[in-house]
Amino acid sequence: MEASIEENETAFRSDISVNYTNVPIKTITSRKHFDCEVCGKILSRKGDLNKHYRVHTNEKPYSCNLCHKQFSQKGILHVHYLIHTTEKPYSCDVCNKKFSRKNNLNAHYQTHTNLKPYSCDLCHKQFSRKESLNVHYRSHTNEKPYSCNKRFYLKHHLKEHYKTHTNEKLYSCDVCHKEFSQKGSLNNHFRTHTNEKPFSCRECHKEFSRKSHLDEHYRTHTNKRPYSCNLCHKTFFQKSHLKVHYRTHTNEKPYSCDICNKEFSRKSHLNEHFRTHTNEKPYSCDVCGKAFYKKSNLNGHYHIHRNEKPYSCDMCNKEFSRKNVLNDHYRTHTNEKPYSCDVCRKEFSQNSHLIVHYRTHTNIKPYSCDVCHKQFSQKIHLNVHYRTHTNEKPYSCDVCLKEFSHRNGLNEHYRIHTKEKPYSCDICSIEFSHRSSLIEHYRTHTNEKPFSCNVCNKEFARKSSLKAHLRSHRK
């Protein structure tokens, strides 16, 4: 009986095989297919076609009953529910990391195998996931299929961008409670508390808290500058540097101070400027304790302690501890004056000189003596004035040992010993050792008398003559 059943089963399988091979080939190859009338995509099942149509209609019939987010497919809704339940049913059997989606687990496995089966046929860069390769291709084609006025390579970048409109910040730091619209931004921020730097340069072993910072740093070793200005062709390591550079062509200054309305091309410059209002100086020297608004100023200040002058003028070989001081000095050779007053059009070689000059129009005197409350437009004038209270005279003549409270006083005094007279009148050619003497002399030609007595209105060419005259009223 058992043999008979086995024979029947064998015969049945044989019949199936024979019948299968006898099916006309046309029946096998002529499977039904369904074409999308919008984009022409071919699908094998009508149900798949119906799901696909929702890409074009943006129809999302499935809604989460917890957060009301909508989805085009029921399966995607089920995966979304795992966010609320924090359920992660798929686990890596190598490192036990858990995932809410199976495809994420499969992609994760390749981090253990280091398998990158997908290669770009343009630059040969390799990827572990086909989706990553597809996204990478857009860097060659410059395709940005996701748009909200601004365009994006990736869909999740568009979603993150949307939050800048809604000001939605779902992620909060549990240390300082700062809020973020992106989880990646929160993770990066958290390292400011832990000082964790998980990304290390394989050339110099410098460590970074962000991978993007490591990528940018690595270009300093390879000298690769992938970002180029299409106006002047200057190249840059970082895209952000290119964006800032463009503003030198457009003169765009999108950042403005809400106290004095001064505008800046960089946000970092605005932040530094803001400290001039708050008097915040977060960078301090660990040698002498002097504090600075900018970190670059602190770095330059350290050269003073080390007696370093790494910047030298290629015209006169004078050396400087800071590059910006060298740049200012260089204009004494070129006579370049790029900074001009918008009130009187007077030009200056240094921006700091323009700022000080501008106070002659506004009469602003931001520096005040805490002893006598006299006010000054320049800090150096306040420092010199303090010495009238302390009687400090830090500058001494190495010929006669006479002391002075101001360096300029010492320089002018030296000319007594050297008989140098660098200032000459362009009318009568008489020479003077002091510029102030030349100015007073010049009034003998112009008959200008800028000093007047407030008692009798008599006018004088020299301030000293006015002071002597005022004594006649006090008698």
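None of the values given here were measured: they were computed from a predicted structure. Side chains included, hydrogens not; waters and symmetry mates left out as well; all remaining heavy atoms used.
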Measure across [X] and [Y] and return the closest heavy-atom pair with its distance rounded to 0.1 Å.
X	Y	value
Cys204	Cys201	N-SG, 3.5 Å
Tyr53	Asp35	OH-O, 4.2 Å
Leu43	Leu49	CD1-CD1, 3.8 Å
Phe320	His329	CZ-CG, 3.3 Å
Tyr246	Cys229	CE2-SG, 4.0 Å
Cys372	Cys369	N-SG, 3.4 Å

- Item | Residues Asp215 and Arg219 bridged, charged N to O under 4.0 Å | no

- Whether Arg387 side chain and Ser405 backbone form a donor-acceptor pair below 3.5 Å: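 Side chain of Arg387 to backbone of Ser405: a pair is present.
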
- For the side chain of Arg191 and the backbone of Ser209, is there at least one donor-acceptor N/O pair under 3.5 Å apart?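 Indeed, once roles are kept as given, a pair shorter than 3.5 Å links the two residues.
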
Look up atom [atom1] in [X] and atom [atom2] in [Y], then write down how far apart they are to the nearest 0.5 Å.
X	Y	atom1	atom2	value
His189	Cys173	NE2	SG	3.5 Å
His353	Asp328	NE2	CG	7.5 Å
His406	Ile380	NE2	CD1	5.0 Å
Tyr137	Ser132	OH	OG	13.0 Å
His112	Lys97	NE2	NZ	8.5 Å
Ser368	Lys374	OG	NZ	11.5 Å

- Query: Side-chain donor-acceptor pair under 3.5 Å between Asp370 and Tyr386, yes or no?
  - Reply: yes

- Any luck finding a side-chain donor-acceptor pair between Asn271 and Arg266 under 3.5 Å? no

- Message: Taking the six-membered ring of Tyr293 as reference, does the cationic atom of Lys281 (NZ for Lys, CZ for Arg) lie under 6.0 Å from its centre and within 45° of its axis?
- Response: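 Yes, Lys281 lies over the aromatic ring of Tyr293.
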
- Task: Assess Arg225 against Phe237: is NZ or CZ under 6.0 Å from the centre of the six-membered ring, and within 45 degrees of the ring's axis?
- Result: yes

- Message: Which label fits His303 and Tyr311: parallel for a plane angle under 30°, tilted from 30 to 60°, or perpendicular past 60°?
- Response: perpendicular

- Task: Return the set of residues passing salt bridge (charged side-chain N to carboxylate O under 4.0 Å, His left out) with Glu216 (not counting sequence neighbours), or none when no residue passes.
- Result: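 Listed in chain order: nothing, the list is empty.
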
Take atom [atom1] in [X]; do more than 12 heavy atoms of anything else shown fall under 6.0 Å from it?
X	atom1	result
Asn230	CG	yes
Phe199	CZ	yes
Arg202	CZ	no

- Item | Worked check of side chain to side chain contact (heavy atoms under 4.5 Å, CB included) between Asp48 and Phe34 | CA-CA 9 Å; Asp48 292 339; Phe34 302 91; over 6 Å; no

- Query: Can the ring centroids of Tyr367 and His381 be said to lie less than 6.0 angstrom from one another?
  - Reply: no

- Message: I want to know whether Tyr227 and His241 have ring centres closer than 6.0 Å.
- Response: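 Ring centres of His241 and Tyr227 not closer than 6.0 Å.
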
- Item | Verdict with supporting geometry, Asn299 and Arg322, side-chain hydrogen bond (donor to acceptor under 3.5 Å, both in side chains) | CA-CA 9 Å; Asn299 293 336; Arg322 294 171 63 179; over 6 Å; no

- Message: Can you confirm whether Ser72 sits close enough to Tyr62 that some side-chain heavy atom of one is under 4.5 Å from a side-chain heavy atom of the other?
- Response: no

- Query: If we only count heavy atoms from C-beta on, is the His136 to Cys123 side-chain gap below 4.5 Å?
  - Reply: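 Touching, per the 4.5 Å side-chain cut-off.
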
- Query: Given the rule in the side chain to side chain contact (heavy atoms under 4.5 Å, CB included) test, do Thr360 and Ser377 qualify, once you have shown the distances and angles that lead to the verdict?
  - Reply: CA-CA 8 Å; Thr360 63; Ser377 59; over 6 Å; no

